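Okay, so here's the structure we're looking at.
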Amino acid sequence: MQIQTHIISNISVFKIGDSLKRVSDFFRENAFSHVAVIEDGHFLGALNGNDLGNFENDKKIEDYRYNLEGIFVLNTASWLDVLEAFARNEANLLPVVSEEGNLLGYYDLTDIMGFFIDTPFFTEPGGILVVAKGIKDYSFSEIAQIVESNNTRLIGAFITDIRNDVVQVTLKIGASNLNEITQTFRRYNYNILFGNNDDQFLKDLKQRSDYLDKYLNV
């Protein structure tokens, strides 16, 4: 998957000597979080649009050089590294820089999310299952073994949350045998947080609850 084909070069880049008024006009006309600043063709850093309220428009970017943020990704970064950089910096526009320090363009979050959604994790037919287990007790090899031991293909899996030493893993699996897979995960002491097909375990609990309600109302 070549994410580098998604580098865009039609968004403004500012020089260190440009006026802050030009930068303010850019952010007023666009909903981007950051913009790149260069000096002699080399990337210096990014200006955060949220900082402009603290600047004086009649000055130049040079006067606020210390406010430039080191927000960028190398052009060799994988698409997962790029997504991580967007999340870590709370950005929707990331400068892309060569190993020599030259600015090559930007990644746009909307464009990259579209790239992510086109991966087999989303496009392949199948079911979604979200499981949770202690951070010291789970393993991806065990998760894969549970799915594949039920004669079902594991399309993809990634960690979606870590909280209070509990890891939450979202799985995309082949559409068959979801009930059997959820039962196997429970036998291995995983909590089932979500499954987008019928879960026999929950059905059984509901039936027993309905029976108890009828019994108590007799």
Side-chain angles (χ1 to χ4, degrees), residues 1-124 135 140 155-163 167-170 172:
M1 300 173 63
Q2 295 296 319
I3 193 172
Q4 289 76 17
T5 60
H6 290 258
I7 296 174
I8 53 181
S9 57
N10 60 349
I11 296 176
S12 296
V13 174
F14 292 90
K15 297 179 180 178
I16 191 68
D18 285 340
S19 70
L20 281 171
K21 184 179 184 307
R22 284 193 60 205
V23 181
S24 295
D25 291 342
F26 168 83
F27 281 113
R28 187 163 50 249
E29 296 168 2
N30 300 275
F32 294 125
S33 59
H34 299 79
V35 69
V37 177
I38 60 174
E39 184 175 38
D40 297 328
H42 287 80
F43 176 74
L44 279 185
L47 270 177
N48 189 325
N50 292 330
D51 290 340
L52 289 184
N54 302 319
F55 300 162
E56 298 177 36
N57 271 358
D58 59 347
K59 293 191 174 183
K60 296 182 177 181
I61 299 174
E62 172 71 46
D63 296 314
Y64 296 94
R65 178 187 286 256
Y66 62 87
N67 287 92
L68 296 178
E69 301 177 7
I71 294 176
F72 69 95
V73 291
L74 291 174
N75 64 314
T76 54
S78 70
W79 65 275
L80 278 174
D81 291 330
V82 172
L83 282 177
E84 180 187 355
F86 273 118
R88 185 176 63 250
N89 295 296
E90 298 182 353
N92 61 19
L93 191 70
L94 280 176
V96 184
V97 178
S98 72
E99 293 183 346
E100 295 74 31
N102 298 316
L103 182 70
L104 303 178
Y106 295 97
Y107 285 130
D108 184 329
L109 178 59
T110 301
D111 191 30
I112 298 305
M113 287 305 299
F115 177 82
F116 180 50
I117 290 171
D118 285 337
T119 62
F121 188 91
F122 289 96
T123 59
E124 286 285 308
I135 194 169
F140 274 101
I155 298 170
F158 62 97
I159 294 173
T160 45
D161 195 15
I162 300 177
R163 192 175 305 173
V167 171
Q168 176 180 300
V169 183
T170 297
K172 180 72 173 288

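Predicted, not measured: the structure shown is a model, and the values here were computed from it.
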Original post:
Which pairs with one or both residues in residues 35-57 pass ring pair (Phe, Tyr, Trp, His ring centres under 6.0 Å), sequence neighbours excluded?
Top reply: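 Matches after skipping sequence neighbours: F43-F72, F55-Y64.
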
Give me the atom names and distance for the closest heavy-atom approach of [X] to [Y].
X: G41; Y: N102; result: O-OD1, 3.8 Å
X: N89; Y: H34; result: O-CE1, 4.0 Å
X: K15; Y: I61; result: O-CD1, 3.4 Å
X: L47; Y: F27; result: O-CZ, 3.7 Å
X: L83; Y: M113; result: CD2-SD, 3.8 Å
X: D51; Y: N67; result: OD2-O, 4.4 Å

Subject >> ring-ring contact (aromatic ring centres under 6.0 Å, His included) against F14, all qualifying residues, sequence neighbours excluded >> reply: F26

Nearest 0.5 Å, please: how far is [atom2] in [Y] from [atom1] in [X]?
X: I11; Y: L93; atom1: CD1; atom2: CG; answer: 4.5 Å
X: R22; Y: N57; atom1: CZ; atom2: CG; answer: 13.0 Å
X: D108; Y: F86; atom1: CG; atom2: CZ; answer: 6.5 Å
X: L103; Y: N75; atom1: CG; atom2: CG; answer: 11.0 Å
X: Y66; Y: L68; atom1: OH; atom2: CG; answer: 10.5 Å
X: S24; Y: E29; atom1: OG; atom2: CD; answer: 11.0 Å

Original post:
Near R163 CZ, under 6.0 Å, is it more than 12 heavy atoms from other residues, nucleotides or ligands?
Top reply: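 Counting other residues, nucleotides and ligands, CZ of R163 stays at 12 neighbours or fewer.
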
**OP:** Please check if atom CD in E90 has more than 12 non-hydrogen atoms from other residues, nucleotides or ligands closer than 6.0 Å.
**Re:**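 Counting other residues, nucleotides and ligands, CD of E90 stays at 12 neighbours or fewer.
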
**OP:** Determine whether I3 and I112 make a side-chain contact, defined as any pair of heavy atoms from C-beta on separated by less than 4.5 Å.
**Re:** yes

Original post:
Taking the side chain as C-beta and beyond, is there a heavy-atom pair between L20 and D63 under 4.5 Å?
Top reply: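 No, side chains not in contact.
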
Please confirm whether the backbone N or O of [Y] pairs with a side-chain atom of [X], one donor and one acceptor, at under 3.5 Å?
X: N92; Y: S33; result: yes
X: Y106; Y: S12; result: yes
X: E99; Y: L74; result: no

**OP:** Show your reasoning for whether side chain to side chain contact (heavy atoms under 4.5 Å, CB included) applies to I162 and I135.
**Re:** CA-CA 8 Å; I162 300 177; I135 194 169; 4.0 Å; yes

**OP:** Could you go through the side chain to side chain contact (heavy atoms under 4.5 Å, CB included) check for R65 and L44 one step at a time?
**Re:** CA-CA 9 Å; R65 178 187 286 256; L44 279 185; 3.9 Å; yes

